[in-house]
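See structure below.
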Amino acid sequence: MHPRLQILHRSKQIVRTLCSLTCVPRNPTSEKLNLPLVSELLAKQRWSELRTHLKDSDFTSVFHQVLDSGADPVLILRYLHCCQKDFNAAHNLELTFRLLGSLAIAKRYSKIRAFLHGFVRSNEKLSNSAIFNSLSLGSKHLAANSIIVNLLVLAYAKNLKTHLGVEAFQKAGDYGFKLVVFSCNPLLRALVKEGEIGNVEFVYREMIRRRIRPNLYTFNMVIRGLCKVGKLEEAKDVIINDMKAWGISPNVVSYNTLIDGYCKLGGLGKMYKADAIVKEMMANNIRPNKCTYNILISGFGKDENVPAAVKVFEAITKQDLKPDEFTCCSLINGLCRIGELDKACDLLGEMRGLGLKPNVITYNALINGFCKKKMMKRARELFDDIGRQGLEPSVITYNTLIDAYSKDGMMKEAYEVYNSMLERGVSPNTSTFNCRIAGLCRQGNMEMAMKLLHEMEVDGLRADRITYNTLIDGLCKEGKSRKAGTLLDEMFKKRLSPNHLTYNFLMDGYCREGNLSAALNLRALMEKGGKRPNTATYNALIKGYSKKDKLEDANGLLNEMLEKGLVPNQTTYEIVKEEMMKKGFVPDIDWHLYNISSS
DNA sequence: ATAGGGTTAG
(Lines give C-alpha, C1' and ligand atoms only; values in the text may rest on other atoms or scores of the structure.)
Protein backbone atom coordinates (compact mmCIF):
# COMPACT_ATOMS: atom_id res chain seq x y z
CA MET A 1 0.00 0.00 0.00
CA HIS A 2 1.20 3.50 -0.84
CA PRO A 3 2.21 5.43 2.29
CA ARG A 4 -0.40 8.10 1.63
CA LEU A 5 -3.10 5.48 1.33
CA GLN A 6 -1.79 3.91 4.46
CA ILE A 7 -2.31 7.13 6.36
CA LEU A 8 -5.78 7.52 4.93
CA HIS A 9 -6.59 3.98 5.84
CA ARG A 10 -5.42 4.53 9.37
CA SER A 11 -7.35 7.74 9.74
CA LYS A 12 -10.53 5.93 8.83
CA GLN A 13 -9.71 3.31 11.34
CA ILE A 14 -9.25 6.01 13.98
CA VAL A 15 -12.61 7.54 13.21
CA ARG A 16 -14.22 4.14 13.44
CA THR A 17 -12.59 3.42 16.77
CA LEU A 18 -13.50 6.82 18.04
CA CYS A 19 -17.13 6.15 17.21
CA SER A 20 -17.10 2.78 18.84
CA LEU A 21 -15.58 4.27 21.93
CA THR A 22 -18.09 7.04 22.25
CA CYS A 23 -20.92 4.64 21.61
CA VAL A 24 -19.93 2.36 24.42
CA PRO A 25 -21.86 3.11 27.62
CA ARG A 26 -19.60 5.47 29.57
CA ASN A 27 -17.86 3.83 32.41
CA PRO A 28 -14.38 5.23 32.69
CA THR A 29 -12.88 2.52 34.83
CA SER A 30 -13.82 -0.34 32.57
CA GLU A 31 -13.33 1.68 29.42
CA LYS A 32 -11.35 -0.39 26.99
CA LEU A 33 -9.08 1.24 24.50
CA ASN A 34 -8.13 -0.07 21.14
CA LEU A 35 -4.68 -0.61 22.52
CA PRO A 36 -3.00 -1.98 19.40
CA LEU A 37 -4.12 1.13 17.56
CA VAL A 38 -3.08 3.44 20.35
CA SER A 39 0.29 1.76 20.45
CA GLU A 40 0.72 2.09 16.75
CA LEU A 41 -0.25 5.75 16.76
CA LEU A 42 2.20 6.25 19.58
CA ALA A 43 4.93 4.43 17.73
CA LYS A 44 4.35 6.49 14.59
CA GLN A 45 4.15 9.59 16.75
CA ARG A 46 0.89 10.72 15.23
CA TRP A 47 0.01 12.91 18.14
CA SER A 48 -2.93 14.88 16.84
CA GLU A 49 -4.68 11.75 15.65
CA LEU A 50 -4.04 10.11 18.94
CA ARG A 51 -5.44 13.08 20.74
CA THR A 52 -8.54 13.14 18.65
CA HIS A 53 -8.87 9.44 19.16
CA LEU A 54 -8.63 9.66 22.92
CA LYS A 55 -10.42 12.94 23.31
CA ASP A 56 -13.47 11.69 25.13
CA SER A 57 -11.77 9.01 27.17
CA ASP A 58 -10.98 9.35 30.79
CA PHE A 59 -7.43 10.59 30.89
CA THR A 60 -6.25 8.66 33.91
CA SER A 61 -7.71 5.47 32.57
CA VAL A 62 -5.95 5.95 29.23
CA PHE A 63 -2.68 6.71 30.99
CA HIS A 64 -3.11 3.57 33.04
CA GLN A 65 -3.84 1.28 30.14
CA VAL A 66 -1.14 2.68 27.93
CA LEU A 67 1.39 2.11 30.68
CA ASP A 68 0.17 -1.45 31.13
CA SER A 69 0.41 -2.08 27.42
CA GLY A 70 4.19 -1.93 27.63
CA ALA A 71 4.43 0.83 25.05
CA ASP A 72 7.70 2.73 24.72
CA PRO A 73 7.81 5.02 27.76
CA VAL A 74 9.61 7.74 25.80
CA LEU A 75 6.67 7.90 23.42
CA ILE A 76 4.16 7.96 26.26
CA LEU A 77 6.07 10.84 27.79
CA ARG A 78 6.06 12.68 24.53
CA TYR A 79 2.37 12.15 24.19
CA LEU A 80 1.83 13.50 27.68
CA HIS A 81 3.74 16.61 26.76
CA CYS A 82 1.42 17.02 23.79
CA CYS A 83 -1.67 17.15 25.95
CA GLN A 84 -0.25 19.15 28.79
CA LYS A 85 -3.54 20.67 29.80
CA ASP A 86 -5.11 17.27 30.54
CA PHE A 87 -1.98 15.87 32.02
CA ASN A 88 -1.26 17.08 35.50
CA ALA A 89 1.60 15.10 36.90
CA ALA A 90 0.70 16.14 40.43
CA HIS A 91 -2.77 14.63 40.13
CA ASN A 92 -1.55 11.40 38.64
CA LEU A 93 1.49 11.00 40.80
CA GLU A 94 1.48 7.24 40.98
CA LEU A 95 1.13 6.80 37.25
CA THR A 96 3.68 9.50 36.61
CA PHE A 97 6.24 7.70 38.74
CA ARG A 98 5.40 4.40 37.11
CA LEU A 99 6.18 6.01 33.81
CA LEU A 100 9.45 7.37 35.19
CA GLY A 101 10.16 3.86 36.42
CA SER A 102 9.75 2.48 32.92
CA LEU A 103 12.03 5.21 31.64
CA ALA A 104 14.61 4.23 34.24
CA ILE A 105 14.46 0.58 33.20
CA ALA A 106 14.88 1.69 29.60
CA LYS A 107 17.90 3.74 30.76
CA ARG A 108 16.40 6.96 29.38
CA TYR A 109 17.90 8.98 32.22
CA SER A 110 18.08 12.33 30.49
CA LYS A 111 14.33 12.11 29.86
CA ILE A 112 13.67 11.56 33.57
CA ARG A 113 16.04 14.35 34.42
CA ALA A 114 14.37 16.84 32.12
CA PHE A 115 10.94 15.80 33.33
CA LEU A 116 11.79 16.13 37.01
CA HIS A 117 13.47 19.46 36.42
CA GLY A 118 10.22 20.90 35.12
CA PHE A 119 8.24 18.94 37.69
CA VAL A 120 9.94 20.39 40.77
CA ARG A 121 9.95 23.83 39.25
CA SER A 122 6.25 24.01 38.54
CA ASN A 123 4.74 22.06 41.43
CA GLU A 124 5.16 24.47 44.30
CA LYS A 125 3.03 22.73 46.86
CA LEU A 126 3.95 19.14 46.18
CA SER A 127 5.22 17.21 49.17
CA ASN A 128 8.01 14.69 49.26
CA SER A 129 5.78 12.40 51.31
CA ALA A 130 3.34 12.21 48.42
CA ILE A 131 6.15 11.65 45.93
CA PHE A 132 7.83 8.88 47.90
CA ASN A 133 4.52 7.29 48.68
CA SER A 134 3.52 7.20 45.02
CA LEU A 135 6.95 6.02 44.05
CA SER A 136 6.94 3.04 46.33
CA LEU A 137 3.33 2.17 45.47
CA GLY A 138 3.86 2.48 41.74
CA SER A 139 6.70 0.05 41.39
CA LYS A 140 8.79 -2.23 43.53
CA HIS A 141 11.77 -1.97 41.24
CA LEU A 142 14.31 -0.72 43.77
CA ALA A 143 17.09 0.04 41.30
CA ALA A 144 14.76 2.01 39.03
CA ASN A 145 13.27 3.89 41.97
CA SER A 146 16.73 4.73 43.27
CA ILE A 147 17.59 6.26 39.93
CA ILE A 148 14.45 8.36 40.05
CA VAL A 149 15.19 9.53 43.58
CA ASN A 150 18.73 10.46 42.61
CA LEU A 151 17.41 12.54 39.76
CA LEU A 152 14.77 14.07 42.02
CA VAL A 153 17.42 15.22 44.49
CA LEU A 154 19.42 16.55 41.56
CA ALA A 155 16.41 18.47 40.29
CA TYR A 156 15.81 20.05 43.68
CA ALA A 157 19.47 20.99 43.94
CA LYS A 158 19.59 22.55 40.49
CA ASN A 159 16.50 24.60 41.29
CA LEU A 160 17.96 25.66 44.65
CA LYS A 161 15.03 24.05 46.46
CA THR A 162 17.37 23.10 49.24
CA HIS A 163 14.80 22.38 51.90
CA LEU A 164 12.98 19.89 49.70
CA GLY A 165 16.30 18.52 48.51
CA VAL A 166 17.47 17.71 52.02
CA GLU A 167 14.09 16.22 52.83
CA ALA A 168 14.25 13.98 49.76
CA PHE A 169 17.81 13.05 50.70
CA GLN A 170 16.56 12.04 54.11
CA LYS A 171 13.58 10.10 52.80
CA ALA A 172 15.78 8.29 50.32
CA GLY A 173 17.61 6.87 53.32
CA ASP A 174 14.38 6.01 55.12
CA TYR A 175 12.99 4.17 52.09
CA GLY A 176 16.26 2.40 51.39
CA PHE A 177 16.89 4.03 48.02
CA LYS A 178 20.57 4.32 47.19
CA LEU A 179 21.88 7.76 46.42
CA VAL A 180 25.12 8.32 44.58
CA VAL A 181 27.71 11.06 44.75
CA PHE A 182 26.46 12.58 41.46
CA SER A 183 23.27 13.74 43.12
CA CYS A 184 24.69 14.41 46.59
CA ASN A 185 27.36 16.78 45.28
CA PRO A 186 24.92 19.12 43.53
CA LEU A 187 22.85 19.14 46.72
CA LEU A 188 25.91 20.11 48.73
CA ARG A 189 26.72 22.77 46.19
CA ALA A 190 23.24 24.28 46.53
CA LEU A 191 23.45 24.16 50.32
CA VAL A 192 26.82 25.89 50.38
CA LYS A 193 25.52 28.51 47.99
CA GLU A 194 22.48 29.17 50.16
CA GLY A 195 24.58 29.27 53.30
CA GLU A 196 22.81 26.31 54.88
CA ILE A 197 25.95 24.94 56.43
CA GLY A 198 24.16 22.96 59.12
CA ASN A 199 22.61 20.93 56.34
CA VAL A 200 25.95 20.67 54.54
CA GLU A 201 27.34 18.98 57.63
CA PHE A 202 24.26 16.80 57.94
CA VAL A 203 24.38 15.60 54.34
CA TYR A 204 28.11 15.00 54.57
CA ARG A 205 27.79 12.96 57.76
CA GLU A 206 24.91 11.00 56.30
CA MET A 207 26.82 10.28 53.11
CA ILE A 208 29.57 8.71 55.16
CA ARG A 209 27.11 6.81 57.33
CA ARG A 210 25.31 5.46 54.28
CA ARG A 211 28.60 4.63 52.61
CA ILE A 212 28.10 6.97 49.71
CA ARG A 213 31.71 7.45 48.71
CA PRO A 214 32.63 11.18 48.73
CA ASN A 215 35.00 12.37 46.02
CA LEU A 216 37.44 15.27 45.85
CA TYR A 217 34.64 17.66 44.89
CA THR A 218 32.56 16.57 47.87
CA PHE A 219 35.40 17.32 50.26
CA ASN A 220 36.20 20.65 48.67
CA MET A 221 32.58 21.76 48.95
CA VAL A 222 32.38 20.69 52.58
CA ILE A 223 35.59 22.62 53.29
CA ARG A 224 34.09 25.66 51.62
CA GLY A 225 30.91 25.35 53.65
CA LEU A 226 32.76 25.06 56.94
CA CYS A 227 34.99 28.02 56.07
CA LYS A 228 31.96 30.10 55.22
CA VAL A 229 30.76 29.93 58.82
CA GLY A 230 34.21 30.25 60.33
CA LYS A 231 34.60 26.60 61.34
CA LEU A 232 38.19 26.70 60.19
CA GLU A 233 39.53 24.02 62.48
CA GLU A 234 36.84 21.62 61.28
CA ALA A 235 37.68 22.50 57.69
CA LYS A 236 41.31 21.77 58.36
CA ASP A 237 40.34 18.47 59.95
CA VAL A 238 38.58 17.48 56.75
CA ILE A 239 41.86 17.92 54.87
CA ILE A 240 44.02 16.28 57.48
CA ASN A 241 41.78 13.46 58.68
CA ASP A 242 38.72 12.77 56.55
CA MET A 243 40.36 12.96 53.14
CA LYS A 244 43.26 10.83 54.25
CA ALA A 245 40.86 8.27 55.69
CA TRP A 246 39.15 7.99 52.31
CA GLY A 247 42.42 7.85 50.44
CA ILE A 248 41.79 11.06 48.57
CA SER A 249 44.60 13.61 48.37
CA PRO A 250 43.74 17.26 48.86
CA ASN A 251 44.57 19.38 45.83
CA VAL A 252 45.35 23.05 45.35
CA VAL A 253 41.64 23.86 45.46
CA SER A 254 41.26 22.24 48.89
CA TYR A 255 44.07 24.36 50.26
CA ASN A 256 43.03 27.55 48.49
CA THR A 257 39.58 27.21 49.98
CA LEU A 258 40.99 26.83 53.46
CA ILE A 259 43.42 29.72 52.97
CA ASP A 260 40.55 31.90 51.83
CA GLY A 261 38.64 30.86 54.91
CA TYR A 262 41.43 32.09 57.13
CA CYS A 263 41.77 35.32 55.18
CA LYS A 264 38.08 36.08 55.63
CA LEU A 265 37.23 34.79 59.10
CA GLY A 266 40.52 33.92 60.74
CA GLY A 267 40.25 36.49 63.49
CA LEU A 268 43.33 37.96 65.08
CA GLY A 269 46.55 37.29 63.21
CA LYS A 270 44.61 35.59 60.46
CA MET A 271 47.19 36.30 57.78
CA TYR A 272 49.84 34.47 59.76
CA LYS A 273 47.54 31.49 59.95
CA ALA A 274 46.83 31.76 56.24
CA ASP A 275 50.53 31.90 55.56
CA ALA A 276 51.06 28.81 57.70
CA ILE A 277 48.57 26.91 55.54
CA VAL A 278 50.50 27.94 52.43
CA LYS A 279 53.66 26.50 53.97
CA GLU A 280 51.80 23.35 54.95
CA MET A 281 50.49 22.92 51.44
CA MET A 282 53.96 23.33 49.98
CA ALA A 283 55.31 20.80 52.47
CA ASN A 284 52.76 18.42 50.95
CA ASN A 285 54.17 19.09 47.49
CA ILE A 286 51.28 21.17 46.28
CA ARG A 287 52.40 24.32 44.53
CA PRO A 288 50.43 27.50 45.10
CA ASN A 289 48.88 28.80 41.90
CA LYS A 290 47.72 32.23 40.81
CA CYS A 291 44.48 31.75 42.68
CA THR A 292 46.39 31.13 45.90
CA TYR A 293 48.26 34.39 45.44
CA ASN A 294 45.10 36.28 44.62
CA ILE A 295 43.48 35.00 47.80
CA LEU A 296 46.47 36.22 49.79
CA ILE A 297 46.51 39.63 48.10
CA SER A 298 42.85 40.04 48.87
CA GLY A 299 43.42 38.97 52.47
CA PHE A 300 46.35 41.30 53.06
CA GLY A 301 44.44 44.11 51.38
CA LYS A 302 41.46 43.68 53.70
CA ASP A 303 43.90 43.59 56.60
CA GLU A 304 45.20 46.95 55.35
CA ASN A 305 48.63 45.42 54.97
CA VAL A 306 49.37 46.71 51.49
CA PRO A 307 53.15 46.15 51.63
CA ALA A 308 52.52 42.42 52.17
CA ALA A 309 49.97 42.41 49.36
CA VAL A 310 52.48 44.08 47.04
CA LYS A 311 55.08 41.46 47.96
CA VAL A 312 52.72 38.70 46.88
CA PHE A 313 51.95 40.66 43.73
CA GLU A 314 55.66 40.69 42.94
CA ALA A 315 55.93 36.98 43.70
CA ILE A 316 53.39 36.35 40.94
CA THR A 317 55.56 38.00 38.30
CA LYS A 318 58.68 36.24 39.56
CA GLN A 319 56.97 32.92 38.98
CA ASP A 320 56.22 33.81 35.38
CA LEU A 321 52.56 34.09 36.18
CA LYS A 322 50.62 37.08 34.93
CA PRO A 323 48.50 39.19 37.27
CA ASP A 324 44.87 39.00 36.22
CA GLU A 325 41.67 40.95 36.88
CA PHE A 326 41.34 39.37 40.31
CA THR A 327 44.89 40.29 41.27
CA CYS A 328 44.52 43.93 40.30
CA CYS A 329 41.09 44.29 41.81
CA SER A 330 42.23 42.97 45.16
CA LEU A 331 45.24 45.24 45.19
CA ILE A 332 43.13 48.25 44.19
CA ASN A 333 40.79 47.41 47.01
CA GLY A 334 43.69 47.22 49.45
CA LEU A 335 45.00 50.60 48.31
CA CYS A 336 41.53 52.08 48.69
CA ARG A 337 41.25 50.79 52.23
CA ILE A 338 44.35 52.64 53.34
CA GLY A 339 43.21 55.73 51.50
CA GLU A 340 45.83 55.54 48.74
CA LEU A 341 43.26 56.50 46.18
CA ASP A 342 45.66 58.00 43.66
CA LYS A 343 47.74 54.84 43.61
CA ALA A 344 44.57 52.81 43.22
CA CYS A 345 43.60 54.95 40.21
CA ASP A 346 47.10 54.54 38.77
CA LEU A 347 46.79 50.78 39.01
CA LEU A 348 43.44 50.97 37.24
CA GLY A 349 45.23 52.76 34.40
CA GLU A 350 48.06 50.23 34.37
CA MET A 351 45.64 47.37 33.96
CA ARG A 352 45.17 48.21 30.29
CA GLY A 353 48.93 48.00 29.75
CA LEU A 354 48.77 44.48 31.19
CA GLY A 355 46.06 43.62 28.69
CA LEU A 356 43.42 43.57 31.39
CA LYS A 357 40.03 45.19 31.19
CA PRO A 358 38.66 46.60 34.44
CA ASN A 359 35.17 45.37 35.18
CA VAL A 360 32.36 46.64 37.37
CA ILE A 361 33.80 45.00 40.45
CA THR A 362 37.05 46.91 40.05
CA TYR A 363 35.08 50.13 39.69
CA ASN A 364 33.02 49.24 42.73
CA ALA A 365 36.17 48.90 44.84
CA LEU A 366 37.37 52.32 43.70
CA ILE A 367 34.01 54.00 44.10
CA ASN A 368 33.82 52.57 47.59
CA GLY A 369 37.26 54.01 48.31
CA PHE A 370 36.17 57.50 47.34
CA CYS A 371 32.85 57.15 49.12
CA LYS A 372 34.55 56.22 52.37
CA LYS A 373 36.62 59.39 52.08
CA LYS A 374 33.43 61.31 51.41
CA MET A 375 34.80 62.35 48.03
CA MET A 376 31.45 62.02 46.38
CA LYS A 377 32.34 64.05 43.30
CA ARG A 378 35.16 61.68 42.39
CA ALA A 379 32.93 58.71 43.19
CA ARG A 380 30.32 60.08 40.80
CA GLU A 381 32.91 60.56 38.05
CA LEU A 382 33.95 56.92 38.34
CA PHE A 383 30.31 55.92 38.31
CA ASP A 384 29.87 57.77 35.01
CA ASP A 385 33.01 56.07 33.67
CA ILE A 386 31.36 52.68 34.09
CA GLY A 387 28.84 53.54 31.40
CA ARG A 388 31.48 55.07 29.14
CA GLN A 389 33.47 51.82 29.31
CA GLY A 390 30.48 49.92 28.04
CA LEU A 391 29.90 48.38 31.46
CA GLU A 392 26.75 48.36 33.54
CA PRO A 393 26.70 49.48 37.19
CA SER A 394 25.71 46.60 39.42
CA VAL A 395 23.43 46.54 42.42
CA ILE A 396 26.55 46.88 44.59
CA THR A 397 27.59 50.05 42.75
CA TYR A 398 24.25 51.60 43.59
CA ASN A 399 24.28 50.30 47.15
CA THR A 400 27.71 51.81 47.75
CA LEU A 401 26.53 55.24 46.60
CA ILE A 402 23.24 55.06 48.48
CA ASP A 403 25.09 54.12 51.62
CA ALA A 404 27.59 56.95 51.29
CA TYR A 405 24.95 59.60 50.65
CA SER A 406 22.78 58.34 53.51
CA LYS A 407 25.68 58.32 55.93
CA ASP A 408 26.46 61.88 54.94
CA GLY A 409 22.89 62.91 55.60
CA MET A 410 22.30 63.57 51.90
CA MET A 411 18.98 61.79 51.91
CA LYS A 412 17.72 63.44 48.74
CA GLU A 413 20.74 62.28 46.75
CA ALA A 414 20.48 58.79 48.23
CA TYR A 415 16.87 58.59 47.16
CA GLU A 416 17.74 59.82 43.66
CA VAL A 417 20.33 57.07 43.27
CA TYR A 418 17.74 54.57 44.44
CA ASN A 419 15.30 55.82 41.84
CA SER A 420 17.89 55.78 39.09
CA MET A 421 18.66 52.14 39.77
CA LEU A 422 14.98 51.34 39.44
CA GLU A 423 14.84 53.27 36.19
CA ARG A 424 17.80 51.34 34.82
CA GLY A 425 16.16 48.08 35.70
CA VAL A 426 18.64 47.05 38.40
CA SER A 427 16.71 45.27 41.13
CA PRO A 428 17.38 46.42 44.69
CA ASN A 429 18.33 43.68 47.09
CA THR A 430 18.27 43.32 50.86
CA SER A 431 21.51 45.31 51.19
CA THR A 432 20.00 48.20 49.24
CA PHE A 433 17.28 48.47 51.81
CA ASN A 434 19.72 47.97 54.63
CA CYS A 435 21.67 51.00 53.42
CA ARG A 436 18.53 53.09 53.07
CA ILE A 437 17.28 51.99 56.48
CA ALA A 438 20.63 52.74 58.13
CA GLY A 439 20.53 56.24 56.64
CA LEU A 440 17.07 56.91 58.05
CA CYS A 441 18.06 55.51 61.44
CA ARG A 442 21.01 57.83 61.52
CA GLN A 443 18.61 60.72 60.93
CA GLY A 444 16.44 59.46 63.76
CA ASN A 445 13.63 58.95 61.28
CA MET A 446 12.50 55.66 62.74
CA GLU A 447 9.00 55.92 61.39
CA MET A 448 10.24 55.95 57.81
CA ALA A 449 12.86 53.29 58.58
CA MET A 450 10.15 50.95 59.87
CA LYS A 451 8.10 51.72 56.79
CA LEU A 452 10.97 50.53 54.62
CA LEU A 453 11.07 47.24 56.52
CA HIS A 454 7.52 46.73 55.38
CA GLU A 455 8.16 48.05 51.89
CA MET A 456 11.03 45.66 51.26
CA GLU A 457 8.88 42.71 52.19
CA VAL A 458 6.17 43.91 49.83
CA ASP A 459 8.88 43.95 47.15
CA GLY A 460 9.61 40.31 47.90
CA LEU A 461 12.90 40.97 49.69
CA ARG A 462 13.62 39.31 52.98
CA ALA A 463 14.85 41.35 55.87
CA ASP A 464 17.98 39.76 57.28
CA ARG A 465 19.91 40.00 60.51
CA ILE A 466 21.59 43.20 59.40
CA THR A 467 18.23 44.83 58.71
CA TYR A 468 17.02 43.99 62.19
CA ASN A 469 20.27 44.94 63.89
CA THR A 470 20.15 48.32 62.18
CA LEU A 471 16.57 48.94 63.22
CA ILE A 472 17.06 47.69 66.77
CA ASP A 473 20.07 49.95 67.19
CA GLY A 474 18.20 52.87 65.67
CA LEU A 475 15.17 52.42 67.92
CA CYS A 476 17.31 52.06 71.03
CA LYS A 477 19.21 55.24 70.22
CA GLU A 478 15.85 57.00 70.01
CA GLY A 479 14.80 55.70 73.42
CA LYS A 480 12.41 53.13 72.00
CA SER A 481 13.89 49.97 73.41
CA ARG A 482 10.51 48.37 74.03
CA LYS A 483 9.72 48.62 70.35
CA ALA A 484 13.19 47.29 69.59
CA GLY A 485 12.43 44.33 71.84
CA THR A 486 9.45 43.42 69.68
CA LEU A 487 11.77 43.34 66.67
CA LEU A 488 13.89 40.74 68.45
CA ASP A 489 10.76 38.63 68.88
CA GLU A 490 10.07 39.11 65.19
CA MET A 491 13.54 37.83 64.37
CA PHE A 492 12.92 34.62 66.28
CA LYS A 493 9.61 34.18 64.50
CA LYS A 494 11.41 34.52 61.17
CA ARG A 495 14.10 32.08 62.26
CA LEU A 496 16.74 34.78 61.97
CA SER A 497 19.31 34.09 64.63
CA PRO A 498 20.42 37.16 66.56
CA ASN A 499 24.16 37.65 66.98
CA HIS A 500 26.19 39.52 69.56
CA LEU A 501 25.47 42.85 67.91
CA THR A 502 21.73 42.24 68.12
CA TYR A 503 21.82 41.52 71.84
CA ASN A 504 24.29 44.26 72.61
CA PHE A 505 22.34 46.97 70.79
CA LEU A 506 19.21 46.02 72.68
CA MET A 507 21.10 45.61 75.95
CA ASP A 508 22.44 49.12 75.56
CA GLY A 509 18.94 50.39 74.83
CA TYR A 510 17.46 48.86 77.98
CA CYS A 511 20.34 50.13 80.11
CA ARG A 512 20.12 53.64 78.70
CA GLU A 513 16.50 53.75 79.75
CA GLY A 514 17.38 52.35 83.15
CA ASN A 515 15.43 49.16 82.54
CA LEU A 516 17.89 46.88 84.31
CA SER A 517 15.51 43.98 84.77
CA ALA A 518 14.89 43.87 81.02
CA ALA A 519 18.64 43.97 80.50
CA LEU A 520 19.18 41.03 82.82
CA ASN A 521 16.40 39.04 81.18
CA LEU A 522 18.02 39.74 77.85
CA ARG A 523 21.35 38.54 79.15
CA ALA A 524 19.73 35.29 80.21
CA LEU A 525 18.09 34.99 76.80
CA MET A 526 21.35 35.58 74.99
CA GLU A 527 23.10 32.93 77.02
CA LYS A 528 20.24 30.56 76.32
CA GLY A 529 20.80 31.32 72.65
CA GLY A 530 24.41 30.19 73.01
CA LYS A 531 25.90 33.69 72.92
CA ARG A 532 28.31 34.47 75.72
CA PRO A 533 28.27 38.10 76.85
CA ASN A 534 31.31 39.91 75.44
CA THR A 535 33.04 43.18 76.27
CA ALA A 536 30.32 45.26 74.63
CA THR A 537 27.64 43.43 76.61
CA TYR A 538 29.42 44.22 79.85
CA ASN A 539 30.03 47.81 78.80
CA ALA A 540 26.30 48.30 78.39
CA LEU A 541 25.50 46.66 81.72
CA ILE A 542 28.21 48.48 83.66
CA LYS A 543 27.07 51.79 82.26
CA GLY A 544 23.45 50.94 83.05
CA TYR A 545 24.19 50.11 86.67
CA SER A 546 26.44 53.13 87.10
CA LYS A 547 23.79 55.46 85.76
CA LYS A 548 21.44 54.16 88.41
CA ASP A 549 24.15 54.79 90.99
CA LYS A 550 24.47 51.08 91.67
CA LEU A 551 28.21 51.41 91.66
CA GLU A 552 28.93 48.33 93.74
CA ASP A 553 26.99 46.21 91.28
CA ALA A 554 28.77 47.89 88.39
CA ASN A 555 32.07 47.11 90.06
CA GLY A 556 30.99 43.49 90.47
CA LEU A 557 30.22 43.29 86.75
CA LEU A 558 33.56 44.82 85.92
CA ASN A 559 35.36 42.15 87.92
CA GLU A 560 33.17 39.41 86.49
CA MET A 561 34.10 40.56 83.03
CA LEU A 562 37.80 40.45 83.82
CA GLU A 563 37.51 37.06 85.46
CA LYS A 564 36.00 35.73 82.28
CA GLY A 565 39.11 36.84 80.45
CA LEU A 566 37.31 39.52 78.49
CA VAL A 567 39.49 42.43 77.46
CA PRO A 568 38.25 45.93 78.36
CA ASN A 569 38.29 48.38 75.48
CA GLN A 570 38.32 52.14 75.12
CA THR A 571 34.62 52.32 75.90
CA THR A 572 35.10 50.38 79.12
CA TYR A 573 37.72 52.84 80.34
CA GLU A 574 35.52 55.79 79.41
CA ILE A 575 32.61 54.33 81.34
CA VAL A 576 34.76 53.71 84.37
CA LYS A 577 36.12 57.24 84.21
CA GLU A 578 32.92 59.11 83.36
CA GLU A 579 30.29 57.09 85.18
CA MET A 580 32.15 55.72 88.18
CA MET A 581 35.26 57.75 89.06
CA LYS A 582 33.51 61.07 88.53
CA LYS A 583 31.08 60.04 91.24
CA GLY A 584 34.02 59.51 93.54
CA PHE A 585 33.91 55.73 93.24
CA VAL A 586 37.22 54.03 92.67
CA PRO A 587 36.74 50.60 91.13
CA ASP A 588 38.18 47.84 93.20
CA ILE A 589 39.89 45.71 90.62
CA ASP A 590 42.73 43.27 90.65
CA TRP A 591 44.38 45.03 87.73
CA HIS A 592 47.58 43.14 88.35
CA LEU A 593 45.85 39.83 87.72
CA TYR A 594 44.22 41.23 84.64
CA ASN A 595 47.48 42.53 83.24
CA ILE A 596 49.10 39.12 83.53
CA SER A 597 46.27 37.22 81.90
CA SER A 598 45.97 39.59 78.98
CA SER A 599 49.62 39.94 78.10
C1' DA B 1 29.37 15.88 35.67
C1' DT B 2 30.26 18.29 40.61
C1' DA B 3 35.36 22.22 43.84
C1' DG B 4 38.95 27.68 44.85
C1' DG B 5 40.12 34.04 44.00
C1' DG B 6 37.84 40.48 43.21
C1' DT B 7 33.01 44.92 45.19
C1' DT B 8 28.32 47.03 49.40
C1' DA B 9 25.17 47.14 54.21
C1' DG B 10 25.03 46.40 61.18
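Chain letters run A, B, ... following the sequence lines, proteins first and then strands; every chain starts at 1.
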field: A:D473, nearest nucleotide to its side chain (from B:dG10, B:dA3, B:dG4)
entry: B:dG10
task: Would you classify A:I295 as touching base, sugar-phosphate or nothing, given that sugar-phosphate means primed atoms plus P, OP1 and OP2, and contacts are heavy atoms under 4.0 Å?
output: sugar-phosphate
- line: Rounding to 0.5 Å, atoms OG1 (A:T537) and NE2 (A:H500) come to a distance of 5.5 Å
task: Go through A:D489 and A:K493 one step at a time and tell me if the salt bridge (Lys or Arg N to Asp or Glu O under 4.0 Å) criterion holds.
output: CA-CA 6 Å; A:D489 296 335; A:K493 273 192 212 120; over 6 Å; no
A:K264 side-chain N/O to B:dG6 phosphate OP1/OP2 under 4.0 Å: yes
- request: Run the numbers on A:E416 and A:Y405 for side chain to side chain contact (heavy atoms under 4.5 Å, CB included), then give the verdict.
  value: CA-CA 10 Å; A:E416 279 166 8; A:Y405 281 129; over 6 Å; no
- request: Answer yes or no: does a side-chain N or O of A:N364 lie under 4.0 Å from OP1 or OP2 of B:dT8?
  value: no
- request: Using a heavy-atom cut-off of under 4.0 Å over every strand shown, decide if A:K372 touches base, sugar-phosphate, or nothing.
  value: sugar-phosphate
message: The side chain of A:M221 is closest to which nucleotide in this list: B:dG10, B:dG6, B:dA3?
response: B:dA3
field: Per A:Y217 side chain, nearest of listed nucleotides B:dT7, B:dT2, B:dT8
entry: B:dT2
query: At under 4.0 Å between heavy atoms, what does A:R337 touch on the DNA or RNA strands: base, sugar-phosphate, or nothing?
result: sugar-phosphate
- prompt: Does a side-chain N or O from A:K302 land closer than 4.0 Å to OP1 or OP2 of B:dT7, or not?
  reply: yes
